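To start, the structure itself, in structure tokens.
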Amino acid sequence: MILRVLFLGLYCVFLNSSVVKSQCPCETKQLCEPVKNTTRKEVFMFSLHDIKQTWSRFDWTKVTTVIMVGYVSPQLMCFAHKHDARVVTIGSLPVNNLTNVDDRKRWISSQLKLVRDNFLDGINIDFESAIPHNKPDLKQAFTDLVNETNQAFKNVLPNYQVTVDVAWSPLDHDRCIDNRCYDYPVLSTVSDFLFVMSYDEQSQILGDCVAAANSGFYKTLTGLQGYLKYARIPPNKLVLGVPWYGYKYQCLNFDTKTKKCEIAKVPFRGVNCSDAAGKQFDFRVIIPMMEASTSKRIWDKNTLTPYFYQKNTTSGEYYEVWYDDPESLSLKYQLADKIGLRGVGVWNVDCLDYGDTPSAIKWRTKMWNMVPKYPR
Ligand SMILES: *[C@@H]1O[C@H](CO)[C@@H](O)[C@H](O)[C@H]1NC(C)=O
Ligand SMILES: *[C@@H]1O[C@H](CO)[C@@H](O)[C@H](O)[C@H]1NC(C)=O
Ligand SMILES: *[C@@H]1O[C@H](CO)[C@@H](O)[C@H](O)[C@H]1NC(C)=O
Ligand SMILES: *[C@@H]1O[C@H](CO)[C@@H](O)[C@H](O)[C@H]1NC(C)=O
Ligand SMILES: *[C@@H]1O[C@H](CO)[C@@H](O)[C@H](O)[C@H]1NC(C)=O
């Protein structure tokens with residue numbers, strides 16, 4: 001009997017090792033090996049387009065992880081590993097499947113297979129759905145999903161990276177931001193770190209329904225303090241995420257004195273006014289808009305971010321654009337260092353112009369120069 005079991009065991013090992021492994025697409029086999037260091041600081045960059053001219057021009061002395069959003073690129077995998085940077089996939093299970101143990105298992109297996117087959121370094125879990133206070137089963141199921149993903153990945157390779165995207169703050173005025181009542185403290189213990197999305201901070205506007213900063217310095221600080229003090233998450237479990245995009249708002253009323261731009265009431269998850277009234281624009285689009293604008297760049301001392309407004313002389317209508325630039329971003333990067341966070345990250349790295357015009361080179365150099373460079 002014992003022999004038989006032993007034989008079966010060996011047979012399984014034999015079967016496993018005989019499964020056809022996908023071929024390493026890099027110049028050398030070593031380049032297909034996932035990055036090993038699991039404690040170093042992070043420059044965590046979300047990329048939305050598999051364009052070689054774009055990703056080859058990132059500052060690879062700084063990037064530590066690239067999240068490939070909507071694509072999987074073997075070429076980028078080899079390129080990133082050559083620069084000792086991780087490449088990870090991104091995904092989540094729909095909220096309706098969360099409590100189904102079999103759906104979770106199947107989803108985790110498929111993600112793990114994708115990562116192994118493509119020699120990636122892990123996964124970023126981008127869930128973002130609402131989990132109301134009165135749904136503790138959903139809250140638990142999301143924690144389970146993250147824990148089970150982390151366990152499954154680490155069982156295969158301890159240095160696989162599993163991370164979770166979270167709202168700019170765990171709480172605001174005793175409410176969960178965007179109705180995302182997740183178990184943040186536990187999520188931080190069952191993953192490598194949380195990526196704090198310190199943007200879309202106007203997703204639920206409680207006061208005056210007016211245009212405001214996408215990533216205000218003090219709101220960002222309050223959110224981080226919420227994670228550190230209220231949720232009691234250690235700083236090395238948090239990466240500060242900043243936007244390389246902004247919002248353009250059409251003003252229903254514009255106060256030329258205060259520059260207050262009243263916006264349409266577009267509700268989001270139970271709040272009547274939100275940034276859904278605006279439209280997102282990439283940094284590379286915003287700069288020429290700013291240079292051609294009525295007001296040019298205005299520095300807002302209350303949020304430590306820039307904005308500008310534009311008057312349509314035909315219609316008399318005003319637009320206001322709130323965004324981040326090298327100056328406002330550098331303050332946030334410095335803040336991350338000052339409070340000892342795991343690092344910084346950007347949504348998204350393709351918002352810059354990676355072309356050859358002098359203006360493209362000037363602006364992307366300024367933007368990348370502000371990004372911290374951590375030892376590795
Ligand atoms: C989610 O649940 C639906 C309905 O049961 C099912 O058809 C679908 O395959 C599930 N999706 C995943 C990813 O498990
Ligand atoms: C995570 O999963 C492991 C293994 O199943 C389990 O022992 C542990 O209690 C789980 N942790 C949490 C916080 O649920
Ligand atoms: C939001 O709008 C609804 C419908 O117009 C209204 O009944 C409700 O009082 C508003 N809520 C707040 C907080 O203003
Ligand atoms: C300005 O307003 C006019 C009249 O409403 C409109 O046709 C035009 O497209 C607007 N221009 C811009 C740049 O929005
Ligand atoms: C990981 O990288 C950090 C930063 O360079 C370094 O201090 C640490 O020793 C490295 N850890 C390992 C296990 O190589």
Side-chain angles (χ1 to χ4, degrees), residues 30 33-44 60-65 80-81 83-86 93 98-99 101-102 104-105 107-109 111-112 121-123 125 127 131 136-164 166 172-179 182-194 202-210 231-237 239 252 262-277 336-337 340-344 372-376:
Q30 283 93 317
E33 284 171 18
V35 171
K36 293 198 172 62
N37 192 316
T38 55
T39 56
R40 68 188 193 186
K41 286 212 175 197
E42 286 286 339
V43 171
F44 198 72
W60 289 94
T61 67
K62 296 183 172 179
V63 176
T64 63
T65 302
H81 284 174
H83 294 88
D84 195 24
R86 286 190 168 84
L93 190 61
L98 216 48
T99 54
V101 178
D102 292 330
R104 290 207 302 265
K105 273 208 175 108
W107 181 80
I108 292 166
S109 302
Q111 299 303 310
L112 188 53
D121 299 84
I123 184 168
I125 299 175
F127 179 67
I131 295 184
D137 53 330
L138 278 184
K139 183 172 167 176
Q140 182 59 48
F142 180 54
T143 305
D144 289 343
L145 176 75
V146 173
N147 188 28
E148 288 158 11
T149 305
N150 196 43
Q151 298 269 337
F153 274 63
K154 302 279 202 280
N155 277 342
V156 171
L157 200 67
N159 46 307
Y160 272 151
Q161 184 192 71
V162 177
T163 58
V164 185
V166 296
D172 187 27
H173 301 98
D174 298 326
R175 283 172 331 117
C176 306
I177 302 294
D178 301 342
N179 215 4
Y182 309 167
D183 192 344
Y184 294 107
V186 177
L187 288 177
S188 79
T189 67
V190 296
S191 65
D192 287 278
F193 54 82
L194 307 181
Q202 301 305 112
S203 61
Q204 295 183 308
I205 302 172
L206 298 174
D208 289 351
C209 194
V210 297
R232 297 176 168 278
I233 296 174
N236 69 355
K237 283 280 189 168
V239 164
L252 300 181
E262 189 190 325
I263 61 177
K265 285 204 167 78
V266 180
F268 185 68
R269 295 190 184 163
V271 175
N272 285 347
C273 175
S274 75
D275 56 18
D337 273 351
L341 300 188
R342 180 66 159 266
V344 300
K373 185 175 189 163
Y374 297 122
R376 43 186 167 131

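Start at 1 and go down the list; that is how both ligands and their atoms are numbered. Residues take their numbers from the sequence shown, with the count starting at 1. All of these numbers come straight from a predicted model, not from anything done at the bench.
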Going from CG on N150 to CG on L145, what distance comes out if it is rounded to the nearest 0.5 angstrom?
-> 11.0 Å
Give the single entry among V35, N37, T64, N159 that approaches atom 8 (C) of ligand 5 most closely by any heavy atom.
-> N37
For the atom pair CZ (R86) and OH (Y160), what is the distance rounded to the nearest 0.5 Å?
-> 11.5 Å
Which atoms of ligand 2 are found less than 4.0 Å from any heavy atom of V190?
-> 13 (C)
Is D84 salt-bridged to R40, cutoff N-O under 4.0 Å?
-> yes
Do any non-hydrogen protein atoms sit less than 4.0 Å from atom 14 (O) of ligand 2?
-> yes
Exam field: side chain T163 to backbone F193, donor-acceptor pair closer than 3.5 Å = no
Check each atom of ligand 5 against the heavy atoms of R40 and keep those under 4.0 Å away; list them by number with element.
-> 2 (O)
Kindly assign one of parallel, tilted or perpendicular to the pair F142 and F127, based on the angle between their ring planes and the thresholds 30° and 60°.
-> parallel
Do we see a donor-acceptor contact under 3.5 Å between the side chains of Q140 and D144?
-> yes
Any side-chain donor paired with an acceptor under 3.5 Å for S203 and D178?
-> yes
Straight-line distance of Q204 CD to I177 CD1, nearest 0.5 Å | 6.5 Å
Taking atom 11 (N) of ligand 2 as the point of reference, which of N147, T189, T143 owns the nearest heavy atom?
-> N147
How does T39 reach ligand 5, by side chain, by backbone, by both or by neither, if only non-hydrogen atoms under 4.0 Å count?
-> side chain
Quick one: which ligand 2 atoms are inside 4.0 Å of a heavy atom on V186?
-> 13 (C)
Ranked by distance from atom 9 (O) of ligand 3, the top protein heavy atom is N272 ND2, 4.7 Å
Quick one: does ligand 2 sit under 4.0 Å from the side chain of Q151, the backbone, both or neither, non-hydrogen atoms only?
-> side chain
Do protein heavy atoms approach atom 4 (C) of ligand 3 to less than 4.0 Å?
-> no
In ligand 5, which numbered atoms sit nearer than 4.0 Å to a non-hydrogen atom of R376?
-> 5 (O)
